[in-house]
Amino acid sequence: MSKPALQNDRLLKALLRQPVDTTPVWVMRQAGRYLPEYRATREKAGDFLALCKTPELACEVTLQPLERFPLDAAILFSDILTIPDAMGLGLYFSEGEGPRFTNTIRTEADIIKLGIPDPEQDLGYVMDAVRLIRQELAGRVPLIGFSGSPWTLATYMVEGGSTKVFANTKALMFDRPELMHQLLEKLARSVTTYLNAQIEAGAQAVMIFDTWGGMLNTANYLEFSLQYMKNIITGLKRENEGRDVPIVLFTKGGAQWLEDIADSGCDGIGLDWTIEIGAARARVGDRVALQGNMDPCVLYASPERIRQEVAHILESFGSGNGHVFNLGHGIHPAIDPQHTAVLVEAVHELGKKYHG
């Protein structure tokens with residue numbers, strides 16, 4: 001069955017550095033707790049994991065921000081830890097502590113036992129959600145699929161949850177680098193298979209979230225994080241439904257490695273707010289698109305101040321192709337949705353003068 005034509009392809013064009021009429025915008029974690037309708041659906045689901053694992057509800061919350069704001073993309077509602085969960089680590093969420101795993105990966109035997117999840121069997125609820133979202137979107141805007149990076153997934157698997165010091169993960173990396181490589185290689189294969197399945201199910205762009213790559217020094221980042229993201233990119237399906245499928249890499253705290261990330265084979269680089277976007281553009285030229293990069297805390301400020309910051313970022317990037325406006329990280333739960341509306345409207349209105 002043929003899919004309906006895409007009515008708004010600004011995002012895909014911008015990621016491929018093609019001309020658009022204005023700068024496209026979407027927001028990391030745009031389906032989230034700052035929306036009262038999201039909180040109502042989550043309550044209906046019972047808990048966060050049930051929400052992720054029920055395709056109809058995942059579809060419902062994915063579409064909620066698009067009903068409120070004229071965003072240029074939907075992003076699949078899921079979690080970066082679906083792969084380790086499918087590997088049998090027993091993901092659960094504890095109040096105030098974030099994600100936890102029942103089982104951790106600390107030894108060679110632990111790593112050997114890990115299988116590569118089958119996306120349609122072990123992660124079928126994600127693929128069902130992708131198919132359902134595409135059907136419900138009916139070509140309004142493109143759908144972004146995503147995964148965590150191998151390094152980021154490894155930190156959660158080795159630590160058993162969130163951490164500030166990465167003691168066990170870095171101990172394994174420094175002491176037994178061959179074991180860390182064994183784990184990362186399995187994760188890279190899993191992520192490649194997972195993202196390709198999302199593309200086949202209907203994701204029109206994909207993003208790799210390297211949340212904890214910025215915790216590494218340069219040599220370790222290149223060896224243990226970026227190299228595995230490059231391996232994934234090499235294995236990804238780059239075209240589907242007669243269109244290119246852009247790939248975005250986002251390393252939080254990764255501004256110092258922009259040139260290396262631009263050489264990875266990705267189409268776009270996600271930026272956090274710690275670098276001026278104009279400076280980033282000067283460093284990577286027209287090799288890749290840039291996505292970002294407003295500090296999410298600007299959304300606590302007045303509408304006038306939000307517009308000023310939007311104007312500043314657009315001016316910093318300057319005229320021409322290859323900018324997708326976004327926050328430098330996920331939107332905060334306490335943000336007023338009206339302030340998100342101001343952001344989206346300002347990007348579309350002020351972005352026009354930099355195009356065409």
Side-chain angles (χ1 to χ4, degrees), residues 1-4 6 11-12 15 31 49-63 73-89 91 114-137 139 141-154 156-157 183-211 228-250 264-268:
M1 191 176 76
S2 67
K3 303 251 186 3
L6 196 52
L11 173 95
L12 302 183
L15 287 175
L49 261 186
L51 185 54
C52 289
K53 293 187 174 187
T54 310
E56 294 74 18
L57 296 181
C59 175
E60 185 179 311
V61 293
T62 298
L63 299 178
I75 181 162
L76 165 69
F77 182 82
S78 187
D79 191 79
I80 63 167
L81 299 178
T82 50
I83 287 176
D85 186 43
M87 287 174 152
L89 269 65
L91 176 64
L114 291 173
I116 309 295
D118 179 307
E120 288 292 352
Q121 296 297 317
D122 307 314
L123 290 156
Y125 62 91
V126 178
M127 305 313 142
D128 288 344
V130 171
R131 285 186 277 265
L132 189 55
I133 295 161
R134 274 299 301 277
Q135 185 184 316
E136 294 299 315
L137 278 172
V141 292
L143 173 64
I144 303 166
F146 72 91
S147 172
S149 71
W151 170 258
T152 293
L153 298 180
Y156 286 100
M157 293 165 76
L183 174 57
L184 292 168
E185 195 271 328
K186 276 193 172 179
L187 285 168
R189 279 162 51 206
S190 301
V191 171
T192 306
T193 310
Y194 182 54
L195 288 178
N196 276 335
Q198 288 186 33
I199 292 165
E200 279 157 27
Q204 291 147 295
V206 293
M207 187 157 165
I208 300 172
F209 284 91
D210 185 31
T211 314
Y228 288 95
M229 292 194 284
K230 282 184 182 176
N231 295 352
I232 292 163
I233 291 167
T234 304
L236 285 182
K237 189 172 180 175
R238 303 300 285 263
E239 194 192 325
N240 196 38
E241 300 174 33
R243 291 192 80 127
D244 291 337
V245 178
I247 300 163
V248 181
L249 293 193
F250 174 66
S264 67
C266 69
D267 298 289

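All of these numbers come straight from a predicted model, not from anything done at the bench.
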message: Holding to side chain to side chain donor-acceptor pair (under 3.5 Å), I want the full list of residues that pass it with Ser190, two or more places apart in sequence or in another chain.
response: none
- prompt: What is the distance from atom CZ of Phe209 to atom CZ of Phe146, rounded to the nearest 0.5 Å?
  reply: 6.5 Å
query: What is the minimum heavy-atom distance between Asp118 and Gln121, and which atoms define it?
result: OD1-N, 3.0 Å
Expected list for residues 73-84: side-chain donor-acceptor pairs under 3.5 angstrom, two or more places apart:
unit_1	atom_1	unit_2	atom_2	d
Asp79	OD2	Leu81	N	2.9
Thr82	OG1	Asp79	O	3.4
Thr82	OG1	Tyr194	OH	3.0

statement: Glu136 meets the side chain to side chain donor-acceptor pair (under 3.5 Å) criterion, sequence neighbours left out, with none
query: Are Pro142 and Leu6 close enough that some pair of their side-chain heavy atoms sits under 4.5 Å apart?
result: yes
- request: Flag the pair Met157 / Leu89 as yes when at least one side-chain heavy-atom distance between them is below 4.5 Å, and no otherwise.
  value: yes
query: Is Trp151 close to Leu153 at the side-chain level, that is, under 4.5 Å between some pair of heavy atoms?
result: no
- prompt: Side-chain contact, heavy-atom cut-off 4.5 Å: Ile232 with Pro150?
  reply: yes
Contact summary for Val130 and Gly202, nearest pair of heavy atoms: CG1-N, 3.7 Å
message: With heavy-atom distances below 4.5 Å as the criterion, would you say the side chains of Leu15 and Val248 are in contact?
response: yes
message: Test of understanding: with side chain to side chain donor-acceptor pair (under 3.5 Å), list the residues that count as partners of Glu56, not counting sequence neighbours.
response: none
field: Contact summary for Met207 and Phe250, nearest pair of heavy atoms
entry: CE-CB, 3.6 Å
field: Heavy-atom side-chain contact between Asp244 and Glu239 under 4.5 Å
entry: yes
Lys186 side-chain N/O to Leu114 backbone N/O, donor-acceptor pair under 3.5 Å: yes
- line: For Ala203 and Val206, the nearest pair of non-hydrogen atoms, with its separation, is CB-CG1, 4.4 Å
- request: For Pro119 and Ala197, work out which heavy atoms get closest and say how close.
  value: CB-CB, 3.4 Å
- prompt: Does Gly235 offer a backbone N or O that forms a donor-acceptor pair with the side chain of Asn196 under 3.5 Å?
  reply: yes
- prompt: Atom CG in Asp267, atom CD1 in Ile233: separation rounded to 0.5 Å?
  reply: 8.5 Å
message: Measuring only between side-chain heavy atoms, which start at C-beta, is Arg243 closer than 4.5 Å to Gln204?
response: no
message: If we ignore hydrogens and angles and just use 3.5 Å, is the side chain of Thr152 paired with the main-chain N or O of Thr211 as donor and acceptor?
response: yes
task: Taking the side chain as every heavy atom from C-beta outward, state whether Leu12 and Pro246 have any pair of such atoms under 4.5 Å apart.
output: yes
query: Going from CG on Asp122 to OG1 on Thr193, what distance comes out if it is rounded to the nearest 0.5 angstrom?
result: 11.0 Å
- prompt: When rounded to the nearest 0.5 angstrom, what distance separates CG in Leu137 from OG1 in Thr62?
  reply: 8.5 Å
query: Can you list the residues that meet the side-chain contact (heavy atoms from CB on, under 4.5 Å) rule with Arg131, with sequence neighbours excluded?
result: Glu120, Met127, Asp128, Ala201
- request: Enter the distance from Gln198:CD to Leu236:CG here, rounded to the nearest 0.5 Å.
  value: 10.0 Å
message: Suppose we screen for side chain to side chain donor-acceptor pair (under 3.5 Å). Which residues come up paired with Lys53, at least two apart in sequence or across chains?
response: Asp85
message: Working to the nearest 0.5 angstrom, can you tell me the gap between Ile116 CD1 and Met87 CE?
response: 5.0 Å
